[in-house]
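Predicted model, so just to flag it, every value in this text is computed and none were measured.
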Amino acid sequence: MKIPLRLSFGLIFQLLTLNGQDTRGPLNKPLPTWITLGAQVRYRGEGTEEGSPYLLERYRFSLGIQPLLWMGFFGEFQDARAVNLPVQGAGIRDEADIRQAYVRIGQEGGWWDVKAGRQKMAFGSERVIGAGEWGNTARVFDAVRLGIHHKNDRVDFFSSSVVVNNSKDLDHHMDGDNLHGVYGSLGSWLKGSKIEPYLLLRANHRFANSTNWTYGLRAAGAAGPKWNYEAEALGQRGHLRGSELVAWGGVVQVQRHFRQIRLAPTIMGEANYASGDHRPGDGVTNTLDQLYPTNHGIYGIVDQIGRRNTKNIRGGVWVHPEKWLTLKGESHYFWLANSHDGLYAASGALIAWPVPGGALFSAVGPEVDVSADVKLSRFYDIGAQYGHLFPGQFLKTYTKGGGRSFYAFFLEMHL
């Protein structure tokens with residue numbers, strides 16, 4: 001049974017103005033150290049050129065109990081809803097539900113730990129497995145996860161199933177759709193960088209003959225004081241809904257920092273590729289199974305285009321007029337990786353079906369994004385975003401318009 005919940009703006013204002021000098025935060029200052037309370041509130045007003053603006057609300061309350069150094073319990077309650085939004089799917093609304101609930105054995109600061117239960121999982125830059133925190137409900141998994149770690153190195157072994165938001169009842173994981181894997185993050189091999197090999201097995205028993213492997217290698221870090229980089233390559237083999245799966249993808253990003261000049265700008269350039277299908281219906285699928293990525297920002301603020309069957313060039317300039325203020329201007333240009341395949345949304349679903357014989361045009365179009373983030377303290381942020389996708393020849397020819405604008409203003413508080 002769902003329980004209604006609404007916090008007043010007056011209460012939130014009082015929480016925001018609390019003095020947060022204590023490292024455990026104002027909620028935990030009077031409590032014993034083996035108890036940790038947490039509260040998160042986010043209000044986000046957003047809209048598109050097609051409809052009226054609406055308000056997204058998200059409230060989270062957490063409790064951590066650690067009776068022993070090697071044992072702990074964590075639970076998190078979430079209430080997510082929307083105001084003035086006529087259609088509210090499970091990704092928008094999930095009232096009064098359990099977001100996380102797990103037991104931990106072992107220590108993060110030791111050699112190993114195990115987490116069993118409902119939990120958040122995010123690896124690397126979240127292009128393969130991420131929490132999707134921009135979404136109003138975000139993403140969690142029912143999982144068992146073993147971490148082996150020492151200093152800058154760790155390896156995680158896990159068996160999981162993604163939790164499906166249910167706006168009318170308690171959430172439950174996707175029965176028969178399981179993700180197992182091992183993900184390494186090795187920080188001692190290359191100074192200033194992390195080397196991250198991974199191997200994932202997706203076994204979807206909801207469809208006959210749908211078991212496939214994803215294997216990849218990611219490297220990210222600093223190349224001296226002025227440069228940062230990220231490079232990742234992944235491949236997929238196996239079977240997907242009765243067809244053989246042969247797919248691959250990759251990304252390269254370079255950042256150049258100018259910390260000694262005014263505004264301390266960073267210039268960023270990135271190239272993405274995710275394979276698409278060559279011959280639909282031939283028994284071999286080449287469209288990348290994007291698994292569970294975080295899409296927002298990485299593939300545009302508008303969130304109209306997903307990773308599958310795309311080529312994407314991304315560039316941007318980030319400036320810091322003050323320590324608490326970050327301004328970003330970014331641009332993307334999207335193409336179909338293969339003109340015989342369709343165009344996919346951020347969710348991975350088709351939004352433009354494959355054109356028989358192949359599309360004459362592969363240019364999906366450019367997107368321009370601007371954003372501002374104000375971190376007035378470690379407890380709360382204020383921000384704004386705007387993005388516009390301009391239709392290229394593919395969208396003009398094979399969809400009903402294709403162009404789209406998106407804007408958002410948000411207030412987020414953590415205690």
Side-chain angles (χ1 to χ4, degrees), residues 23 36 64 66 68-72 74 100 102-116 119-133 139 141 143-160 179-202 213-237 248-260 264 266-273 291-294 297-298 318 378:
T23 57
T36 303
Q66 187 171 334
L68 301 168
L69 284 176
W70 53 270
M71 177 183 292
F74 182 81
Q100 296 191 77
Y102 62 81
V103 58
R104 177 185 55 78
I105 305 296
Q107 300 181 58
E108 282 282 352
W111 277 90
W112 64 274
D113 74 296
V114 174
K115 290 181 181 178
Q119 57 191 279
K120 181 173 70 173
M121 293 202 306
F123 296 101
S125 56
E126 304 190 26
R127 297 173 188 267
V128 178
I129 301 175
E133 283 290 352
R139 180 187 295 122
F141 296 81
V144 177
R145 177 174 173 179
L146 166 65
I148 308 295
H149 33 70
H150 181 63
K151 295 184 179 179
N152 294 327
D153 300 323
R154 71 173 293 138
V155 180
D156 287 282
F157 302 84
F158 61 89
S159 180
S160 68
L179 182 68
H180 317 286
V182 54
Y183 195 102
S185 181
L186 309 174
S188 64
W189 288 14
L190 187 62
K191 184 178 180 181
S193 298
K194 287 188 177 295
I195 308 299
E196 300 182 347
Y198 54 88
L199 178 64
L200 311 172
L201 171 64
R202 186 174 188 179
W213 295 90
T214 299
Y215 47 90
L217 179 65
R218 176 179 179 269
K226 298 179 180 180
W227 297 89
N228 280 71
Y229 74 95
E230 177 185 4
E232 182 174 14
L234 63 93
Q236 292 181 328
R237 295 293 186 274
W248 70 281
V251 58
V252 175
Q253 183 187 107
V254 177
Q255 299 178 18
R256 173 64 161 92
H257 307 290
F258 298 88
R259 297 187 177 94
Q260 304 304 317
T266 295
I267 298 176
M268 179 270 293
E270 179 180 299
N272 282 282
Y273 181 89
L291 299 180
Y292 303 105
T294 292
I298 298 176
W318 310 337
R378 66 186 178 95

*For Lys115 and Glu108, run side chain to side chain contact (heavy atoms under 4.5 Å, CB included): C-alpha distance rounded to whole Å, both residues' side-chain angles, the deciding distance at 0.1 Å, then the answer.*
CA-CA 11 Å; Lys115 290 181 181 178; Glu108 282 282 352; 3.9 Å; yes
*Which heavy atom of Thr294 sits nearest a heavy atom of Gly132, and at what distance?*
OG1-N, 3.0 Å
_Side chain proximity check, Arg202 to Tyr292, heavy atoms < 4.5 angstrom_ = yes
*Smallest separation among heavy atoms of Ala222 and Ser193, with atom names*: O-OG, 3.9 Å
_Nearest 0.5 angstrom please: Arg154 CZ to Glu196 CD, how far?_
11.0 Å
*Tell me, do Glu232 and Gln253 make a side-chain contact under 4.5 Å, heavy atoms counted?*
no
*Would you indicate whether the side-chain heavy atoms of His150 and Ser188 approach each other to under 4.5 Å?*
no
*Do you know which of Leu201, Leu146, Val155, Asp156 makes side-chain contact (heavy atoms from CB on, under 4.5 Å) with Val182?*
Val155
*For the atom pair CZ (Arg139) and CD (Glu133), what is the distance rounded to the nearest 0.5 Å?*
10.0 Å
*For the residue pair Thr214 and Gln236, establish whether any side-chain heavy-atom pair is separated by less than 4.5 Å.*
yes
*Please check if atom CG in Leu69 has more than 12 non-hydrogen atoms from other residues, nucleotides or ligands closer than 6.0 Å.*
no
*Backbone of Leu179 reached by a side-chain donor or acceptor of Ser160 within 3.5 Å*: yes
*Output yes when a side-chain donor or acceptor of Gln100 lies under 3.5 Å from a complementary backbone atom of Phe74, and no otherwise.*
no
*Side-chain touch Phe157/Ile148, heavy atoms, less than 4.5 angstrom*: yes
_I'd like to know if the side chain of Gln119 reaches the main chain of Ala143, judged simply by a donor and an acceptor atom lying under 3.5 Å from each other, with no hydrogens or angles considered._
yes
_Distance (rounded to the nearest 0.5 Å) between Asn228 CG and His257 NE2_ = 3.5 Å
*Quick one: does Leu200's side chain get under 4.5 Å of Trp213's, heavy atoms only?*
no
*Is the shortest side-chain N to carboxylate O distance from Glu270 to Arg127 below 4.0 Å?*
yes
*asked:* Measuring from atom CD1 of Ile129 to atom OH of Tyr183, what distance do you get when rounded to the nearest 0.5 angstrom?
replied: 8.0 Å
*Taking all non-hydrogen atoms of both residues into account, name the closest pair between Ile195 and Ala219 and its distance.*
CD1-CB, 3.8 Å
*asked:* Using 0.5 Å steps for rounding, measure from the OG1 atom of Thr266 to the CZ atom of Arg256.
replied: 9.5 Å
*asked:* To the closest 0.5 Å, what do you measure between NE2 (His180) and CZ (Phe158)?
replied: 9.5 Å
*So do Phe123 and Ser185 actually touch side chain to side chain, heavy atoms under 4.5 Å?*
no
_Looking at Arg218 and Leu234, would you say the former's side chain and the latter's main chain have a donor-acceptor pair under 3.5 Å?_
no
*Is Asp113 reaching over with its side chain to a backbone N or O of Arg104, donor-acceptor style, under 3.5 angstrom?*
no
*After noting the C-alpha distance and the side-chain angles of Arg145 and Tyr102, does the key distance pass the side chain to side chain contact (heavy atoms under 4.5 Å, CB included) rule?*
CA-CA 10 Å; Arg145 177 174 173 179; Tyr102 62 81; over 6 Å; no
*Answer yes or no: is there a side-chain heavy-atom contact under 4.5 Å between Val128 and Tyr198?*
yes
*Over all atoms of both residues, closest heavy-atom pair of His149 and Trp112*: CE1-N, 3.5 Å
